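Quick notes on the structure that follows.
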Amino acid sequence: MQRLALALYGLTTWLAQPLLRRKLRRRARQEAGYAQAVGERFGRYGSGGPAQPGALLWIHAVSLGETRAAALLLRELRALQPGLRLLLTHGTATGRAEGAKLLQPGDVQVWLPWDTPGAVRRFVQRFRPAIGILMETEIWPNLAACCRAEGVPLVLANARLNEKSRRGAQRLAWLSRPAYAGLRAVWAQTEADAQRLREVGARDVQVLGNVKFDVHPDPEQLARGHAWRAAAARPVVLLASSREGEEALWLDAVGRLADADRRSVQWLIVPRHPQRFDAVEQLLRAAGLGVARRSQWPQQGDAPPAGDVWLGDSMGEMALYYGLAQVALLGGSFERLGGQNLIEAAACGCPVVMGPHTFNFAQAAKLAAAAGAALPVADMAQAVAQALALAHDAPAWRQCVQQCQAFAGAHRGAARAMAQAALALLARP
(Lines give C-alpha, C1' and ligand atoms only; values in the text may rest on other atoms or scores of the structure.)
Protein backbone atom coordinates (compact mmCIF):
# COMPACT_ATOMS: atom_id res chain seq x y z
CA MET A 1 0.00 0.00 0.00
CA GLN A 2 2.80 2.41 0.92
CA ARG A 3 4.61 1.70 -2.37
CA LEU A 4 1.44 2.35 -4.32
CA ALA A 5 0.81 5.58 -2.42
CA LEU A 6 4.35 6.80 -3.06
CA ALA A 7 4.08 5.88 -6.75
CA LEU A 8 0.81 7.82 -7.12
CA TYR A 9 2.29 10.78 -5.28
CA GLY A 10 5.39 10.66 -7.51
CA LEU A 11 3.20 10.64 -10.62
CA THR A 12 1.26 13.63 -9.29
CA THR A 13 4.39 15.68 -8.61
CA TRP A 14 5.78 14.76 -12.05
CA LEU A 15 2.57 15.88 -13.77
CA ALA A 16 2.62 19.13 -11.77
CA GLN A 17 6.00 20.26 -13.13
CA PRO A 18 4.53 22.62 -15.78
CA LEU A 19 2.54 24.35 -13.03
CA LEU A 20 5.72 24.78 -11.01
CA ARG A 21 7.51 26.34 -13.98
CA ARG A 22 4.61 28.74 -14.48
CA LYS A 23 4.67 29.67 -10.78
CA LEU A 24 8.44 30.30 -10.89
CA ARG A 25 8.04 32.59 -13.92
CA ARG A 26 5.32 34.53 -12.12
CA ARG A 27 7.38 34.86 -8.94
CA ALA A 28 10.46 35.89 -10.93
CA ARG A 29 8.62 38.99 -12.15
CA GLN A 30 8.56 40.17 -8.53
CA GLU A 31 11.78 38.58 -7.24
CA ALA A 32 14.54 38.00 -9.78
CA GLY A 33 16.04 35.26 -7.63
CA TYR A 34 13.33 32.86 -8.74
CA ALA A 35 14.74 32.97 -12.27
CA GLN A 36 18.14 31.80 -11.02
CA ALA A 37 19.30 28.26 -11.87
CA VAL A 38 15.78 27.00 -12.64
CA GLY A 39 17.15 23.66 -13.85
CA GLU A 40 18.22 22.86 -10.30
CA ARG A 41 14.54 22.84 -9.30
CA PHE A 42 14.21 19.73 -11.47
CA GLY A 43 17.42 18.00 -10.41
CA ARG A 44 19.66 19.39 -13.18
CA TYR A 45 22.96 20.53 -11.71
CA GLY A 46 25.23 21.13 -14.68
CA SER A 47 27.98 19.01 -16.16
CA GLY A 48 30.11 18.34 -13.08
CA GLY A 49 30.62 14.81 -11.80
CA PRO A 50 29.32 13.36 -8.54
CA ALA A 51 30.75 14.67 -5.30
CA GLN A 52 33.00 12.48 -3.22
CA PRO A 53 30.71 10.39 -1.00
CA GLY A 54 30.38 11.82 2.50
CA ALA A 55 32.35 14.99 1.78
CA LEU A 56 29.40 17.35 2.28
CA LEU A 57 27.14 18.00 5.24
CA TRP A 58 23.77 18.99 3.82
CA ILE A 59 21.44 21.52 5.47
CA HIS A 60 18.09 22.36 3.92
CA ALA A 61 16.57 25.70 4.95
CA VAL A 62 13.53 26.41 2.83
CA SER A 63 13.07 30.14 3.43
CA LEU A 64 14.49 33.17 5.20
CA GLY A 65 13.53 32.23 8.77
CA GLU A 66 14.85 28.69 8.47
CA THR A 67 18.06 29.96 6.87
CA ARG A 68 18.70 32.27 9.79
CA ALA A 69 18.09 29.37 12.17
CA ALA A 70 20.45 27.22 10.08
CA ALA A 71 23.13 29.92 10.42
CA LEU A 72 23.05 29.52 14.20
CA LEU A 73 23.41 25.75 13.93
CA LEU A 74 26.12 26.06 11.29
CA ARG A 75 28.14 28.43 13.47
CA GLU A 76 28.32 25.74 16.15
CA LEU A 77 29.07 22.98 13.63
CA ARG A 78 32.01 24.92 12.19
CA ALA A 79 33.31 25.67 15.70
CA LEU A 80 33.23 21.97 16.60
CA GLN A 81 34.51 20.73 13.23
CA PRO A 82 36.66 23.30 11.40
CA GLY A 83 36.96 22.67 7.69
CA LEU A 84 33.46 21.26 7.41
CA ARG A 85 32.12 21.45 3.84
CA LEU A 86 28.51 22.48 3.45
CA LEU A 87 25.79 21.68 0.94
CA LEU A 88 23.09 24.30 1.49
CA THR A 89 19.68 24.08 -0.19
CA HIS A 90 16.63 26.34 -0.21
CA GLY A 91 13.15 26.77 -1.65
CA THR A 92 12.72 30.57 -1.68
CA ALA A 93 14.70 33.42 -3.20
CA THR A 94 15.06 35.24 0.12
CA GLY A 95 16.34 32.07 1.76
CA ARG A 96 18.91 31.54 -0.97
CA ALA A 97 20.11 35.15 -0.83
CA GLU A 98 20.53 34.93 2.95
CA GLY A 99 22.22 31.54 2.67
CA ALA A 100 24.85 32.89 0.28
CA LYS A 101 26.26 34.85 3.23
CA LEU A 102 27.04 31.59 5.04
CA LEU A 103 29.20 30.02 2.34
CA GLN A 104 32.91 29.38 2.66
CA PRO A 105 35.38 28.05 0.05
CA GLY A 106 34.45 24.48 -0.84
CA ASP A 107 30.78 24.89 0.08
CA VAL A 108 27.94 24.32 -2.40
CA GLN A 109 24.57 26.08 -2.63
CA VAL A 110 21.71 24.88 -4.85
CA TRP A 111 17.92 24.72 -4.94
CA LEU A 112 16.34 21.63 -3.41
CA PRO A 113 14.57 19.97 -6.34
CA TRP A 114 10.84 19.54 -6.74
CA ASP A 115 9.81 16.27 -5.08
CA THR A 116 9.67 13.97 -8.11
CA PRO A 117 11.42 10.60 -7.92
CA GLY A 118 13.85 11.40 -10.74
CA ALA A 119 14.79 14.88 -9.51
CA VAL A 120 15.51 13.85 -5.93
CA ARG A 121 17.45 10.79 -7.09
CA ARG A 122 19.66 12.98 -9.29
CA PHE A 123 20.17 15.39 -6.39
CA VAL A 124 21.18 12.72 -3.88
CA GLN A 125 23.42 10.83 -6.32
CA ARG A 126 25.12 14.03 -7.47
CA PHE A 127 26.02 15.40 -4.03
CA ARG A 128 26.15 12.20 -1.91
CA PRO A 129 25.90 14.03 1.43
CA ALA A 130 27.14 12.42 4.63
CA ILE A 131 23.99 13.53 6.41
CA GLY A 132 20.93 15.65 5.63
CA ILE A 133 19.66 18.15 8.20
CA LEU A 134 16.20 19.51 7.41
CA MET A 135 15.29 22.66 9.32
CA GLU A 136 12.01 22.82 11.25
CA THR A 137 9.21 21.36 9.09
CA GLU A 138 10.45 20.35 5.63
CA ILE A 139 9.51 16.70 5.04
CA TRP A 140 9.04 15.51 1.45
CA PRO A 141 7.98 11.88 0.82
CA ASN A 142 10.10 11.14 -2.27
CA LEU A 143 13.14 12.87 -0.83
CA ALA A 144 12.85 10.88 2.40
CA ALA A 145 12.43 7.61 0.49
CA CYS A 146 15.39 8.33 -1.78
CA CYS A 147 17.69 9.24 1.13
CA ARG A 148 16.72 6.01 2.87
CA ALA A 149 17.44 3.99 -0.28
CA GLU A 150 20.81 5.72 -0.83
CA GLY A 151 21.89 5.39 2.79
CA VAL A 152 21.85 9.11 3.63
CA PRO A 153 20.74 9.65 7.24
CA LEU A 154 18.08 12.33 7.38
CA VAL A 155 17.43 14.46 10.46
CA LEU A 156 14.73 17.03 11.28
CA ALA A 157 16.37 19.76 13.37
CA ASN A 158 14.75 22.55 15.38
CA ALA A 159 11.61 20.58 14.60
CA ARG A 160 8.13 21.93 15.18
CA LEU A 161 4.70 20.64 14.27
CA ASN A 162 1.57 22.55 15.15
CA GLU A 163 -1.79 20.95 15.76
CA LYS A 164 -3.19 21.84 12.34
CA SER A 165 -0.19 20.27 10.59
CA ARG A 166 -0.45 17.18 12.80
CA ARG A 167 -4.07 16.67 11.73
CA GLY A 168 -3.11 17.15 8.10
CA ALA A 169 -0.28 14.62 8.36
CA GLN A 170 -2.59 12.08 9.97
CA ARG A 171 -5.17 12.52 7.22
CA LEU A 172 -2.41 11.64 4.73
CA ALA A 173 -0.81 9.02 6.96
CA TRP A 174 -0.38 6.59 4.08
CA LEU A 175 2.10 9.09 2.62
CA SER A 176 3.45 11.09 5.56
CA ARG A 177 3.97 8.33 8.12
CA PRO A 178 6.69 6.49 6.15
CA ALA A 179 8.47 9.83 5.58
CA TYR A 180 8.51 10.68 9.29
CA ALA A 181 9.35 7.11 10.25
CA GLY A 182 12.32 7.18 7.88
CA LEU A 183 14.03 10.02 9.73
CA ARG A 184 17.15 8.94 11.60
CA ALA A 185 16.50 11.48 14.36
CA VAL A 186 14.22 14.38 15.23
CA TRP A 187 15.38 17.25 17.49
CA ALA A 188 12.24 19.03 18.60
CA GLN A 189 11.83 22.52 20.00
CA THR A 190 9.35 21.56 22.74
CA GLU A 191 7.81 18.49 24.35
CA ALA A 192 4.47 19.37 22.72
CA ASP A 193 6.14 19.38 19.29
CA ALA A 194 7.87 16.10 20.14
CA GLN A 195 4.61 14.43 21.09
CA ARG A 196 2.89 15.52 17.88
CA LEU A 197 5.87 14.35 15.83
CA ARG A 198 5.73 10.92 17.49
CA GLU A 199 2.02 10.72 16.70
CA VAL A 200 2.70 11.18 12.96
CA GLY A 201 5.35 8.45 12.90
CA ALA A 202 8.71 9.98 13.94
CA ARG A 203 10.76 7.62 16.07
CA ASP A 204 13.99 8.85 17.65
CA VAL A 205 12.63 12.17 18.97
CA GLN A 206 14.53 14.33 21.47
CA VAL A 207 13.68 17.76 22.84
CA LEU A 208 16.76 19.96 22.40
CA GLY A 209 15.15 23.40 22.36
CA ASN A 210 14.92 26.18 19.82
CA VAL A 211 18.13 27.32 18.11
CA LYS A 212 16.61 30.75 17.50
CA PHE A 213 17.30 31.57 21.15
CA ASP A 214 21.00 31.45 20.24
CA VAL A 215 20.71 34.54 18.04
CA HIS A 216 23.21 37.32 18.71
CA PRO A 217 21.91 40.58 17.21
CA ASP A 218 24.33 42.48 14.98
CA PRO A 219 25.97 44.89 17.46
CA GLU A 220 26.58 47.62 14.86
CA GLN A 221 22.96 47.55 13.68
CA LEU A 222 21.69 47.53 17.25
CA ALA A 223 23.92 50.47 18.23
CA ARG A 224 22.82 52.47 15.18
CA GLY A 225 19.16 51.76 15.97
CA HIS A 226 19.66 52.90 19.56
CA ALA A 227 21.36 56.09 18.37
CA TRP A 228 18.54 56.86 15.94
CA ARG A 229 15.97 56.11 18.65
CA ALA A 230 17.68 58.58 20.99
CA ALA A 231 17.64 61.23 18.26
CA ALA A 232 14.00 60.66 17.29
CA ALA A 233 11.52 63.34 18.30
CA ARG A 234 8.91 60.75 19.34
CA PRO A 235 8.87 57.14 20.58
CA VAL A 236 9.00 54.63 17.72
CA VAL A 237 6.39 51.86 17.38
CA LEU A 238 7.21 49.11 14.89
CA LEU A 239 4.89 46.76 13.00
CA ALA A 240 7.47 44.00 12.50
CA SER A 241 7.46 41.45 9.67
CA SER A 242 3.90 42.33 8.67
CA ARG A 243 2.02 40.02 6.35
CA GLU A 244 -0.64 40.68 3.73
CA GLY A 245 -3.77 42.20 5.24
CA GLU A 246 -2.12 43.34 8.46
CA GLU A 247 -1.17 46.80 7.21
CA ALA A 248 -4.83 47.40 6.40
CA LEU A 249 -5.76 46.29 9.93
CA TRP A 250 -3.14 48.69 11.27
CA LEU A 251 -4.47 51.57 9.15
CA ASP A 252 -7.98 50.94 10.46
CA ALA A 253 -6.81 50.82 14.09
CA VAL A 254 -4.63 53.93 13.79
CA GLY A 255 -7.38 55.77 11.92
CA ARG A 256 -9.67 55.37 14.93
CA LEU A 257 -7.22 57.11 17.26
CA ALA A 258 -7.48 60.74 18.26
CA ASP A 259 -5.15 62.88 16.19
CA ALA A 260 -2.94 63.66 19.19
CA ASP A 261 -2.52 59.98 20.01
CA ARG A 262 -1.81 59.05 16.40
CA ARG A 263 0.93 61.66 16.15
CA SER A 264 2.40 60.95 19.60
CA VAL A 265 4.66 58.22 18.19
CA GLN A 266 6.69 57.61 15.05
CA TRP A 267 5.26 54.62 13.18
CA LEU A 268 7.58 52.15 11.46
CA ILE A 269 6.41 49.25 9.27
CA VAL A 270 8.70 46.45 8.05
CA PRO A 271 6.86 44.03 5.70
CA ARG A 272 7.95 40.40 5.90
CA HIS A 273 8.38 39.89 2.15
CA PRO A 274 10.35 42.24 -0.12
CA GLN A 275 7.99 41.84 -3.07
CA ARG A 276 5.38 43.69 -1.00
CA PHE A 277 7.42 46.83 -0.25
CA ASP A 278 5.96 48.84 -3.12
CA ALA A 279 2.40 47.66 -2.51
CA VAL A 280 2.59 48.62 1.17
CA GLU A 281 3.91 52.06 0.26
CA GLN A 282 1.03 52.54 -2.18
CA LEU A 283 -1.47 51.46 0.50
CA LEU A 284 -0.06 53.96 2.99
CA ARG A 285 0.03 56.82 0.52
CA ALA A 286 -3.52 56.07 -0.58
CA ALA A 287 -4.51 56.58 3.05
CA GLY A 288 -2.96 60.06 2.94
CA LEU A 289 0.20 59.22 4.89
CA GLY A 290 3.68 60.47 4.10
CA VAL A 291 6.18 57.62 3.73
CA ALA A 292 9.96 57.66 4.19
CA ARG A 293 11.54 54.42 2.96
CA ARG A 294 14.65 52.93 4.55
CA SER A 295 16.35 52.95 1.14
CA GLN A 296 16.15 56.76 1.30
CA TRP A 297 17.58 57.04 4.81
CA PRO A 298 21.21 57.91 5.52
CA GLN A 299 23.48 54.90 5.91
CA GLN A 300 25.20 56.41 8.92
CA GLY A 301 24.96 59.52 11.07
CA ASP A 302 21.74 61.50 10.98
CA ALA A 303 18.38 60.11 12.04
CA PRO A 304 15.82 59.00 9.39
CA PRO A 305 13.96 61.76 7.52
CA ALA A 306 10.51 62.95 8.50
CA GLY A 307 7.45 60.94 7.50
CA ASP A 308 4.14 59.85 8.99
CA VAL A 309 5.36 56.29 8.52
CA TRP A 310 8.86 54.93 8.09
CA LEU A 311 8.90 51.92 5.75
CA GLY A 312 11.64 49.36 6.31
CA ASP A 313 12.31 48.25 2.74
CA SER A 314 15.56 46.38 3.42
CA MET A 315 16.57 42.82 4.20
CA GLY A 316 18.83 41.65 6.99
CA GLU A 317 18.38 44.72 9.20
CA MET A 318 15.87 43.58 11.80
CA ALA A 319 18.35 44.27 14.61
CA LEU A 320 18.48 47.89 13.47
CA TYR A 321 14.69 48.15 13.39
CA TYR A 322 14.26 46.49 16.78
CA GLY A 323 16.97 48.73 18.21
CA LEU A 324 15.16 51.78 16.83
CA ALA A 325 11.75 50.82 18.23
CA GLN A 326 10.46 51.18 21.76
CA VAL A 327 7.90 48.44 21.15
CA ALA A 328 6.98 46.11 18.27
CA LEU A 329 3.68 44.67 17.05
CA LEU A 330 4.31 41.07 15.99
CA GLY A 331 3.54 40.51 12.32
CA GLY A 332 1.74 37.35 11.27
CA SER A 333 -0.16 37.23 14.56
CA PHE A 334 -3.08 39.50 13.62
CA GLU A 335 -4.24 37.36 10.71
CA ARG A 336 -4.47 33.55 10.84
CA LEU A 337 -0.85 33.14 9.78
CA GLY A 338 0.76 31.70 12.91
CA GLY A 339 2.94 34.65 13.86
CA GLN A 340 6.59 35.41 13.26
CA ASN A 341 9.63 34.70 15.39
CA LEU A 342 9.62 37.00 18.43
CA ILE A 343 12.92 35.76 19.87
CA GLU A 344 15.08 38.20 17.88
CA ALA A 345 13.01 41.11 19.18
CA ALA A 346 13.54 39.91 22.75
CA ALA A 347 17.28 39.48 22.18
CA CYS A 348 17.37 43.09 20.98
CA GLY A 349 15.54 44.24 24.11
CA CYS A 350 12.40 45.24 22.22
CA PRO A 351 9.10 44.39 23.95
CA VAL A 352 6.50 42.73 21.72
CA VAL A 353 2.72 43.06 21.53
CA MET A 354 1.33 39.96 19.84
CA GLY A 355 -2.04 39.10 18.40
CA PRO A 356 -4.01 35.88 18.93
CA HIS A 357 -2.51 33.83 16.06
CA THR A 358 0.89 32.56 17.22
CA PHE A 359 0.49 28.83 16.56
CA ASN A 360 3.74 28.54 14.57
CA PHE A 361 5.67 29.74 17.63
CA ALA A 362 3.24 28.69 20.35
CA GLN A 363 5.75 27.68 23.00
CA ALA A 364 8.03 30.69 22.48
CA ALA A 365 5.00 32.99 22.61
CA LYS A 366 3.75 31.34 25.81
CA LEU A 367 7.16 31.58 27.48
CA ALA A 368 7.61 35.20 26.37
CA ALA A 369 4.22 36.17 27.76
CA ALA A 370 4.95 34.43 31.06
CA ALA A 371 8.30 36.24 31.29
CA GLY A 372 6.75 39.65 30.56
CA ALA A 373 8.69 39.98 27.31
CA ALA A 374 5.53 39.85 25.17
CA LEU A 375 2.05 41.19 25.76
CA PRO A 376 -0.83 39.17 24.25
CA VAL A 377 -3.90 41.02 22.93
CA ALA A 378 -7.05 40.05 21.07
CA ASP A 379 -6.72 42.17 17.94
CA MET A 380 -4.89 45.00 16.17
CA ALA A 381 -6.88 47.77 17.85
CA GLN A 382 -5.87 46.49 21.28
CA ALA A 383 -2.29 46.04 20.08
CA VAL A 384 -2.02 49.66 18.96
CA ALA A 385 -3.50 50.89 22.25
CA GLN A 386 -1.15 48.68 24.27
CA ALA A 387 1.88 49.76 22.26
CA LEU A 388 1.05 53.44 22.74
CA ALA A 389 0.60 52.98 26.47
CA LEU A 390 3.93 51.18 26.84
CA ALA A 391 5.80 53.63 24.61
CA HIS A 392 4.73 56.51 26.87
CA ASP A 393 5.32 54.75 30.21
CA ALA A 394 9.09 54.89 30.72
CA PRO A 395 9.29 52.81 33.94
CA ALA A 396 7.06 50.05 32.55
CA TRP A 397 9.00 50.09 29.28
CA ARG A 398 12.37 49.76 31.05
CA GLN A 399 11.05 46.82 33.04
CA CYS A 400 9.84 45.12 29.83
CA VAL A 401 13.26 45.63 28.23
CA GLN A 402 14.92 43.88 31.17
CA GLN A 403 12.40 41.04 30.99
CA CYS A 404 13.07 40.66 27.24
CA GLN A 405 16.80 40.29 27.78
CA ALA A 406 16.33 37.83 30.64
CA PHE A 407 13.88 35.76 28.58
CA ALA A 408 16.19 35.61 25.56
CA GLY A 409 19.19 34.60 27.67
CA ALA A 410 17.42 31.90 29.67
CA HIS A 411 16.83 29.50 26.77
CA ARG A 412 20.13 29.45 24.88
CA GLY A 413 22.16 26.34 24.08
CA ALA A 414 20.03 24.42 21.56
CA ALA A 415 22.34 25.17 18.62
CA ARG A 416 25.35 23.64 20.39
CA ALA A 417 23.31 20.61 21.50
CA MET A 418 22.09 19.95 17.93
CA ALA A 419 25.55 20.43 16.46
CA GLN A 420 26.96 17.88 18.90
CA ALA A 421 24.14 15.46 18.09
CA ALA A 422 24.76 15.84 14.34
CA LEU A 423 28.48 15.17 14.65
CA ALA A 424 27.82 12.20 16.93
CA LEU A 425 25.49 10.79 14.29
CA LEU A 426 28.19 11.29 11.65
CA ALA A 427 30.69 9.40 13.78
CA ARG A 428 28.52 6.28 13.94
CA PRO A 429 29.70 3.42 11.71
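Predicted, not measured: the structure shown is a model, and the values here were computed from it.
When all heavy atoms of L268 and L311 are compared, the pair lying nearest together is CD1-N, 4.4 Å. Taking all atoms of both residues into account, the shortest heavy-atom contact from F127 to L56 is O-CD1, 3.9 Å. Of all the heavy atoms in A419 and L80, the pair that sits closest is CB-CD1, 3.8 Å. Of all the heavy atoms in G201 and R177, the pair that sits closest is CA-NH1, 3.3 Å. Closest non-hydrogen pair, A61 versus A70, comes out as CB-CB, 4.1 Å. The heavy-atom pair separating P271 from S242 by the smallest distance is CA-OG, 3.3 Å.
The 12-atom threshold is exceeded at CH2 of W397, counting heavy atoms of other residues, nucleotides or ligands nearer than 6.0 Å. Surrounding CZ of R256 are at most 12 heavy atoms belonging to other residues, nucleotides or ligands under 6.0 Å away.
The closest donor-acceptor contact from the side chain of R203 to the backbone of V186 lies at 3.5 Å or more, if one exists at all. In terms of modelled atom types and a separation under 3.5 Å, the side chain of S333 and the main chain of G339 share no donor-acceptor contact. Judged by distance alone, with hydrogens and angles left aside, the side-chain atoms of Q326 form a donor-acceptor pair with the main-chain N or O of V236 at under 3.5 Å. Remark: side-chain polar atoms of W111 are paired, donor with acceptor, to backbone N or O of Q36 under 3.5 angstrom. For Q104 (side chain) and L84 (main-chain N/O), no donor-acceptor pair under 3.5 Å exists by modelled atom type. R336 places no side-chain N or O within 3.5 Å of a backbone atom of H357 that could act as its donor or acceptor partner. Checked by atom type and distance alone, the side chain of D214 pairs as donor or acceptor with a backbone atom of G413 at under 3.5 Å. Here the side chain of Q17 pairs a donor or acceptor atom with the backbone of W14 at under 3.5 angstrom. Looking only at distances, a side-chain donor or acceptor of Q221 sits under 3.5 Å from a matching main-chain atom of G316. Checking side-chain atoms of R85 against main-chain N and O of A55 turns up no donor-acceptor pair under 3.5 Å.
Between E344 atom CD and Y321 atom OH the span is 12.0 Å, to the nearest 0.5 Å. Rounded to the nearest 0.5 Å, atoms SG (C350) and CD (Q405) are 11.0 Å apart. With values rounded to the nearest 0.5 angstrom, L324 atom CG is found 6.5 Å from L320 atom CG. Atom CZ of R26 and atom CZ of R22 lie 8.5 Å apart (nearest 0.5 Å). R121 CZ to L143 CG: the interatomic distance, rounded to the nearest 0.5 Å, is 13.0 Å. Here E244 contributes atom CD and H273 contributes atom NE2; the two are 10.0 Å apart, rounded to the nearest 0.5 Å.
Judged by the 6.0 Å distance and 45° axis criteria, R160 is positioned over the aromatic ring of F361.
Under the 4.5 Å side-chain criterion, counting only non-hydrogen atoms from C-beta, V291 is not in contact with V280. Put simply, the side chain of L73 reaches to within 4.5 Å of the side chain of M135, judged on heavy atoms. Side-chain atoms of R21 and V38, non-hydrogen and from C-beta on, do get closer than 4.5 Å to each other. Between L329 and Q386, every side-chain heavy-atom pair lies at or beyond the 4.5 Å cut-off. Side chains of Y180 and V205 form no contact here, defined as non-hydrogen atoms less than 4.5 Å apart. No side-chain heavy atom of I59 sits under 4.5 Å from any side-chain heavy atom of T89. Residues V352 and Y322 fail the side-chain proximity criterion, which asks for heavy atoms closer than 4.5 Å. Counting heavy atoms from C-beta outward, R285 and Q282 have side chains that stay 4.5 Å or more apart.
Under 4.0 Å is where a charged nitrogen must lie from a carboxylate oxygen, and between E335 and R243 no such pair does. Using a 4.0 Å cut-off between charged side-chain N and carboxylate O, R224 and E220 make no salt bridge. Here E246 does not pair with R272 in a salt bridge; the nearest charged N to carboxylate O distance is not below 4.0 Å. A salt bridge is absent between E199 and R196; no separation between the charged side-chain nitrogens and carboxylate oxygens falls under 4.0 Å.
H90 and E66 share no donor-acceptor pair across their side chains, judged by distance under 3.5 Å alone. For the residue pair D115/T13, the side-chain donor-acceptor check at 3.5 Å is not satisfied. There is a side-chain donor-acceptor pair under 3.5 Å between R166 and Q170.
Taking the six-membered ring where the residue is Trp, W228 and W297 present perpendicular rings, their angle passing 60° and hence far from 30°. In this structure, Y45 and F123 have tilted ring planes: the angle between them lies in the 30° to 60° band.
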Run the side chain to side chain contact (heavy atoms under 4.5 Å, CB included) test on L77 and L86 for me, step by step, so that the C-alpha distance in whole Å, both residues' side-chain angles and the decisive distance to 0.1 Å come before the verdict.
CA-CA 10 Å; L77 285 166; L86 174 68; over 6 Å; no
Does the side chain to side chain contact (heavy atoms under 4.5 Å, CB included) test come out yes or no for I139 and L156, once each step is laid out?
CA-CA 8 Å; I139 300 294; L156 189 62; 4.0 Å; yes
For I269 and L284, run side chain to side chain contact (heavy atoms under 4.5 Å, CB included): C-alpha distance rounded to whole Å, both residues' side-chain angles, the deciding distance at 0.1 Å, then the answer.
CA-CA 10 Å; I269 297 178; L284 297 172; 4.0 Å; yes
Show, in sequence, the C-alpha distance, side-chain angles and deciding distance for W58 and L154, and conclude whether the side chain to side chain contact (heavy atoms under 4.5 Å, CB included) test is met.
CA-CA 9 Å; W58 164 36; L154 206 56; 3.7 Å; yes
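For the side-chain hydrogen bond (donor to acceptor under 3.5 Å, both in side chains) test with E136, the passing option among N360, N210, N158 is N158; the others fail. Checking R126, R96, R122 one by one against E40, the salt bridge (charged side-chain N to carboxylate O under 4.0 Å, His left out) holds for a single residue, R96.
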